[in-house]
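Numbering starts at 1 and runs along the sequence shown. All ligand and atom numbering here is 1-based and tracks the order in the structure.
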Amino acid sequence: MAKRKIIAIDGPSGAGKSTTAKALAERLGYIYVDTGAMYRAIGWKTKKEMILLTEESLKNLCSITDIRLDRSPTGVGMKIFVDGIDVTEEIRTPEMGMMASAVSAFQCVRERLLELQRGMGRNGGIVMEGRDIGTVVFPDADIKFFLDAKIEERGKRRHLDLKSKGMGDDLVRVTDEIRKRDEADIARTLAPLKKAGDALYIDSSNMTVQEVVETMLKEIKKDEG
Ligand code: DC
């Protein structure tokens with residue numbers, strides 16, 4: 001039987017990581033983990049409890065907060081719970097994206113989530129996507145991808161995605177929001193967004209999800225020799 005691998009997918013906002021990671025996991029019969037949702041979950045609680053954005057306050061918050069990921073009963077997606085509350089839908093707003101990015105710069109938050117993420121990948125058979133999976137969470141991952149796309153395209157995709165969820169924000173604002181978030185994620189000191197040296201770079205600007213997944217599957221097959 002083929003080894004159940006750890007597959008890391010990193011990249012900026014709106015590059016299509018979640019959609020492709022989910023589809024890839026489905027094809028391989030692997031677990032799919034969206035680590036951004038975990039940062040959004042911490043961001044959600046920080047906002048709800050009006051916690052100060054300081055290392056001390058967030059450390060306390062992390063120590064008393066229960067984050068749980070469950071496989072969605074309908075397919076390969078996952079549901080995320082904070083202290084038993086299902087926040088899967090609520091965390092998908094642009095505001096929660098910004099909150100996630102803000103809390104993700106703090107060491108205590110990263111340490112707490114790193115532990116959870118490594119635990120999930122212990123037995124392999126996982127497609128994990130985020131910003132630092134190939135560089136920090138699993139530097140020895142079997143296969144690494146860095147999924148990118150032009151900013152205009154990423155803005156368009158995120159805009160469509162939000163519209164489908166009834167959040168009719170305008171395109172310019174959405175594009176600006178992801179640009180700012182990427183800048184912050186790239187500039188932070190801890191586990192910044194960057195391509196791992198051994199990751200395969202994929203520019204998905206002119207590719208369909210299907211084409212990206214096929215490219216990834218080809219790379220995985222190549223690795224199996
Ligand atoms: O993938 P996303 O848009 O849901 O991520 C939200 C934020 O969480 C992102 O702007 C930065 C942070 N994040 C991170 O720092 N490290 C990860 N592995 C995943 C997300």
(message) Between D185 and R131, does any NZ, NE, NH1 or NH2 come within less than 4.0 Å of an OD or OE carboxylate oxygen?
(response) yes
(message) Applying side-chain hydrogen bond (donor to acceptor under 3.5 Å, both in side chains) to R188 and S104, what does each step give before you reach the verdict?
(response) CA-CA 9 Å; R188 71 171 177 239; S104 76; 2.8 Å; yes
Spell out, as yes or no, whether a donor-acceptor pair under 3.5 Å connects the side chain of [X] to the backbone of [Y].
X    : Y    : value
S57  : L53  : no
D10  : G134 : yes
R40  : I91  : yes
D182 : S13  : yes

(request) Could you find the nearest protein heavy atom to atom 8 (O) of ligand 1 and give me its residue, atom name and distance? (result) Y39 CB, 3.5 Å
(request) Quick one: look up the protein heavy atom nearest atom 19 (C) of ligand 1 and list residue, atom name and how far away it is. (result) T35 OG1, 3.3 Å
(message) Are more than 12 heavy atoms, taken from residues, nucleotides or ligands other than N206, located less than 6.0 Å from that residue's CG atom?
(response) no
(request) Kindly confirm or rule out an N or O of R110 lying under 3.5 angstrom from an N or O of ligand 1. (result) yes
(message) Below 3.5 Å, N or O to N or O, backbone or side chain included: is there any such pair between R40 and ligand 1?
(response) yes
(message) Please determine whether side-chain hydrogen bond (donor to acceptor under 3.5 Å, both in side chains) holds for the pair E129 and Y32, giving the CA-CA distance in whole Å, both sets of side-chain angles, and the decisive distance to 0.1 Å.
(response) CA-CA 8 Å; E129 56 104 344; Y32 152 71; 3.2 Å; yes
Heavy-atom distances under 4.0 Å are what count here, so tell me which part of [X] touches ligand 1: side chain, backbone, both or neither.
X    : answer
D185 : side chain
R181 : side chain
E129 : neither
R188 : side chain
M38  : neither
M99  : neither

(request) Could you tell me whether the side chain of D70 reaches within less than 4.5 Å of the side chain of R68, counting heavy atoms only? (result) yes
(message) Less than 4.5 Å apart, side chain to side chain, heavy atoms only: is that true for M99 and W44?
(response) no
Using a strict cut-off of 4.0 Å, indicate which atoms of ligand 1 neighbour a heavy atom of [X].
X    : result
A100 : 6 (C), 7 (C), 8 (O)
S104 : 11 (C), 12 (C), 15 (O)
R92  : 4 (O)
D132 : 16 (N), 17 (C), 18 (N)
G36  : 1 (O), 2 (P), 4 (O), 5 (O), 19 (C), 20 (C)

(request) Check each of R131, M96, Q117 against atom 5 (O) of ligand 1 and report the one with the nearest heavy atom. (result) R131
